[in-house]
J.: 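Take this structure, written in structure tokens, and hold onto it; I'll ask about it next.
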There are 2 protein chains.
Amino acid sequence: MPPASRTTSSARPMRADARRNYDRILAAAAAAVAEHGAEASLEEIARRAGVGSATLHRHFPSRQQLLEAVFREKVETLCATAADLATGPDPRTALATWLRAVARHAVSNRGLAASLMRGAHDGDTTLGATCHTMITEAGANLLARAREANAARPDVSITDLLTLVNAICLAVEQEPDGQAQADRLLTLALTGVHPAGETN
Amino acid sequence: MPPASRTTSSARPMRADARRNYDRILAAAAAAVAEHGAEASLEEIARRAGVGSATLHRHFPSRQQLLEAVFREKVETLCATAADLATGPDPRTALATWLRAVARHAVSNRGLAASLMRGAHDGDTTLGATCHTMITEAGANLLARAREANAARPDVSITDLLTLVNAICLAVEQEPDGQAQADRLLTLALTGVHPAGETN
DNA sequence: GTACGATATGGAGGGCCACCCCGTTTTTGC
DNA sequence: GCAAAAACGGGGTGGCCCTCCATATCGTAC
């Protein structure tokens, strides 16, 4: 949702050129982030988008905000997935499946994990839901159901789980076989290092 | 082990002034890293050490090498701890205790986790054991014993465990209560998110 | 279709950084 | 002491992030 699409009520709609540049920057950012991860050079993004660096900074005052815009769609997908899974019969599997989905997205979209972690507490609490809060809320529901079904320790928070998932993804992000690694480590964390836990 | 202390056999010993600067840089780096984490400015380190930036780069061609030198002592401590614990009666507790010790060090020494993760595969395979390989070898022993005692899944590698620990530490490094967070998440990973595992 | 105010732009510049070149200084072995 | 070897560090290059402000563009009311 760009800041002032025509559906928005309050603020005046964006000027056409502003809107065009906004979209260009977003596209360039997506490409750059896919290529270089969350630390991609903002100047290069501006260059690729064919705009001045000032324009980029005006539209996205912080790197975090740019990343959030880039990933918003993916995050919404994950939230939708969570809602879907919440209607299933097995809360335990639902939670595990969802966390795996989060991991898959985070690994295949470089920088997503970083974006999901650093949420509000970076001074970017501005308007609108951050990726962080969006995903947290989506997961909370799944976790609550799992807990009711006795499929999750009661002292575990959704923040804990997401931190764990993102930590893992961040750690394996630049390994060649990151996807497999992340999956294995996540399974490990879910079922425990020590044996005798159930086989998930 | 500075590159050419007088005990080393092969290479000529360092010149006195080089040696002095090497030590100064290391001290300054330790202070700066403690203050700003692994991303501390190399120029500031050189400035604090009272040397030119070129001198710093000559002694430590890469940031990674500087970090490794800074943390070598700590890492050696951890390796010694591993050796100690390996003689104890309970391999399961020994492994868990050691991993917790690693986490504690990583959290309280900003940048250590990052240094432990990026091991050889950063092009810094140069001479000598990196922190990464040192700690891996130290842990391998503990894990082997735990596995024999059936206290660790056989398909878990020491690399997996260390990746997990470091990922967690990296993720919580800048939280205010990082220590507690890391401890909790580590316990979680060791015993599993799903209940019914043993209580560690 | 034009004129005008609001809005958006981007190049230039400041501050910071990593890294390297090379003339100069220091140390060492004799 | 002396000369060769070793180490030094100032300053340059190029990159980055971010801001200022003179200029260009857009939307609209007429």
Side-chain angles (χ1 to χ4, degrees), chain A residues 2-6 8 10-29 32-33 35-67 69-70 111 114 118 122-124 126, chain B residues 2-6 8 10-26 28-29 32-33 35-70 111 114 118 122-124 126:
Chain A
S5 61
R6 72 181 94 103
T8 328
S10 60
R12 219 165 300 125
M14 285 174 90
R15 241 171 65 172
D17 54 346
R19 170 83 202 191
R20 185 170 4 104
N21 281 337
Y22 183 96
D23 290 342
R24 277 191 191 168
I25 291 170
L26 216 46
V33 168
E35 200 168 325
H36 301 111
E39 306 297 304
S41 155
L42 297 182
E43 291 224 324
E44 193 197 323
I45 290 173
R47 232 177 292 128
R48 282 206 214 183
V51 305
S53 60
T55 298
L56 185 149
H57 285 282
R58 199 173 322 105
H59 282 296
F60 305 96
S62 77
R63 174 186 296 274
Q64 178 65 19
Q65 279 176 44
L66 177 55
L67 288 177
V70 167
R118 329 221 174 290
D122 255 23
D124 281 326
T126 44
Chain B
S5 60
R6 72 180 93 98
T8 328
S10 60
R12 220 163 297 122
M14 284 172 95
R15 243 171 64 170
D17 54 346
R19 172 81 203 197
R20 186 173 358 108
N21 282 338
Y22 183 96
D23 290 343
R24 277 192 191 167
I25 292 171
L26 216 46
V33 168
E35 201 168 325
H36 301 112
E39 306 297 303
S41 153
L42 297 182
E43 290 225 324
E44 193 198 323
I45 291 172
R47 233 176 292 127
R48 282 207 215 182
V51 306
S53 59
T55 299
L56 185 150
H57 279 95
R58 200 172 319 108
H59 282 297
F60 304 97
S62 79
R63 166 178 247 109
Q64 178 66 16
Q65 278 176 45
L66 177 56
L67 287 177
E68 299 221 337
V70 166
R118 329 220 173 292
D122 254 22
D124 280 327
T126 43

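Chain A is the first sequence line, chain B the second, and so forth, proteins listed ahead of strands; every chain is numbered from 1.
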J.: Please test A:M14 against A:H59 for side chain to side chain contact (heavy atoms under 4.5 Å, CB included), starting from the C-alpha separation and ending with a verdict.
T.: CA-CA 11 Å; A:M14 285 174 90; A:H59 282 296; 3.6 Å; yes
J.: Measure across A:V33 and A:A38 and return the closest heavy-atom pair with its distance rounded to 0.1 Å.
T.: CG1-N, 4.5 Å
J.: So how far is it from B:E35 CD to B:R48 CZ, rounded to the nearest 0.5 Å?
T.: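 If I round to the nearest 0.5 Å, the distance is 4.5 Å.
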J.: First locate atom CD of A:E43, then atom NE2 of A:H57, and finally report the distance between them rounded to the nearest 0.5 Å.
T.: 7.0 Å
J.: Using chain B heavy atoms and a threshold of under 4.0 Å, write down where along DNA chain C the contacts begin and end, 5' to 3'.
T.: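 The contacted stretch runs from C:dC17 to C:dT28.
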J.: Would you say a side-chain N or O of B:N21 is under 4.0 Å from OP1 or OP2 of D:dA7?
T.: no
J.: With a 4.5 Å limit on heavy-atom distance, are the side chains of A:T55 and A:R58 in contact?
T.: yes
J.: Starting at atom CZ of B:R19, determine the distance to atom C1' of D:dA6, rounded to an integer number of angstrom.
T.: 16 Å
J.: Using the side chain to side chain contact (heavy atoms under 4.5 Å, CB included) rule, pick out the option among A:V70, A:L67, A:L66 that qualifies with A:F60.
T.: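 The option that passes is A:L66.
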J.: Quick one: B:D23 CG to D:dA7 P, roughly how many Å, whole number?
T.: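 Whole-Å distance recorded here is 14 Å.
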J.: Roughly how far apart are A:L56 CG and A:L26 CG, rounded to 0.5 Å?
T.: 10.0 Å
J.: Does the protein touch nucleotides 11-23 of chain D at the base, only the backbone, or not at all? Give it as B, S and - per nucleotide, heavy atoms under 4.0 Å.
T.: B----SBBBB---
J.: D:dA7 C1' sits how many Å from B:F60 CZ, rounded?
T.: 15 Å
J.: About how many Å separate CZ of A:R19 and CG of A:D17, when rounded to the nearest 0.5 Å?
T.: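 Atom-to-atom, A:D17:CG and A:R19:CZ are 12.0 Å apart.
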